[in-house]
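This report concerns only the one structure given below.
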Amino acid sequence: MTGRTSLFTSYEDVVNEISDYECIGIGSSFARTVCGNLFRYNLSFEHALLLATHVLRLTKKNVPNCGKESQFVTLRVGGEFRTIMNSEN
């Protein structure tokens, strides 16, 4: 264990570590623009979750055909997996 928090993204059978944030899906370009203007390193978990929620809400509102179910989940040291938000809005 390194004692640090990490973010990973995956596509098919490839997993990559992300150094800051990641946006995926049909609204990813819009979301990256919004997130890039607001993101700061060393955000607390609570602030990162608020930023993610804000970016997701703006993206769904402004990108055609972006919607349906969204989830925020955490995987903690020790393997604890928790759904933070599950919404269709």
Side-chain angles (χ1 to χ4, degrees):
M1 296 274 166
T2 63
R4 66 184 181 93
T5 302
S6 299
L7 176 65
F8 296 89
T9 187
S10 65
Y11 179 74
E12 293 183 0
D13 61 347
V14 178
V15 177
N16 291 304
E17 186 170 10
I18 305 300
S19 63
D20 41 26
Y21 58 88
E22 181 63 289
C23 304
I24 59 173
I26 194 169
S28 61
S29 293
F30 179 87
R32 279 190 195 100
T33 299
V34 174
C35 202
N37 291 327
L38 301 172
F39 176 80
R40 301 293 178 264
Y41 286 95
N42 298 318
L43 289 173
S44 68
F45 174 79
E46 292 77 15
H47 284 119
L49 185 58
L50 285 171
L51 175 58
T53 303
H54 177 68
V55 170
L56 181 62
R57 185 168 290 130
L58 285 176
T59 302
K60 285 183 170 188
K61 182 178 178 181
N62 291 285
V63 176
N65 302 313
C66 184
K68 304 251 181 176
E69 185 175 323
S70 301
Q71 292 183 322
F72 291 106
V73 296
T74 61
L75 178 60
R76 302 278 185 160
V77 173
E80 177 191 350
F81 180 81
R82 197 172 105 194
T83 300
I84 304 297
M85 184 187 94
N86 188 347
S87 171
E88 291 196 26
N89 296 332

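- Rounding to the nearest 0.5 angstrom, the gap separating the OG atom in S10 from the CZ atom in F8 is 11.0 Å.
- Summarising the local packing, OH of Y11 is surrounded by 12 or fewer heavy atoms from other residues, nucleotides or ligands at distances under 6.0 Å.
- One distance of note links CG of D20 with CZ of R40; it measures 12.0 Å at 0.5 Å rounding.
- When the side chain to side chain contact (heavy atoms under 4.5 Å, CB included) test is applied to R82, the partners found at least two apart in sequence or on another chain are T74, E80, I84.
- Separating the CG atom in N62 from the OG1 atom in T33 is a distance of 11.5 Å, to the nearest 0.5 Å.
- The line from CG of L51 to CD of E46 is 13.5 Å long, rounded to the nearest 0.5 Å.
- Atom-to-atom distance recorded for L49:CG and L43:CG is 11.0 Å, nearest 0.5 angstrom.
- A distance of 9.5 Å separates SG in C23 from CG in L56, rounded to the nearest 0.5 Å.
- Remark: E17 engages R4 in a salt bridge (Lys or Arg N to Asp or Glu O under 4.0 Å) (not counting sequence neighbours).
- A single hydrophobic cluster is seen to contain both Y41 and V55, as judged by linkage of ILVMFWY side chains at heavy-atom distances under 4.5 Å, directly or through other members.
- Through side-chain heavy atoms spaced under 4.5 Å, either directly or across other Ile, Leu, Val, Met, Phe, Trp or Tyr residues, I18 is tied to L7.
- With hydrophobic clusters built from ILVMFWY side chains whose heavy atoms lie under 4.5 angstrom apart, Y21 does not share a cluster with I24.
- The neighbour count for N65 CG, taken as heavy atoms of other residues, nucleotides or ligands under 6.0 Å away, does not exceed 12.
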Determine, step by step, whether F30 and L58 satisfy the side chain to side chain contact (heavy atoms under 4.5 Å, CB included) criterion, reporting the C-alpha distance in whole Å, the side-chain angles of both residues, the deciding distance to 0.1 Å, and the verdict. CA-CA 9 Å; F30 179 87; L58 285 176; 4.1 Å; yes
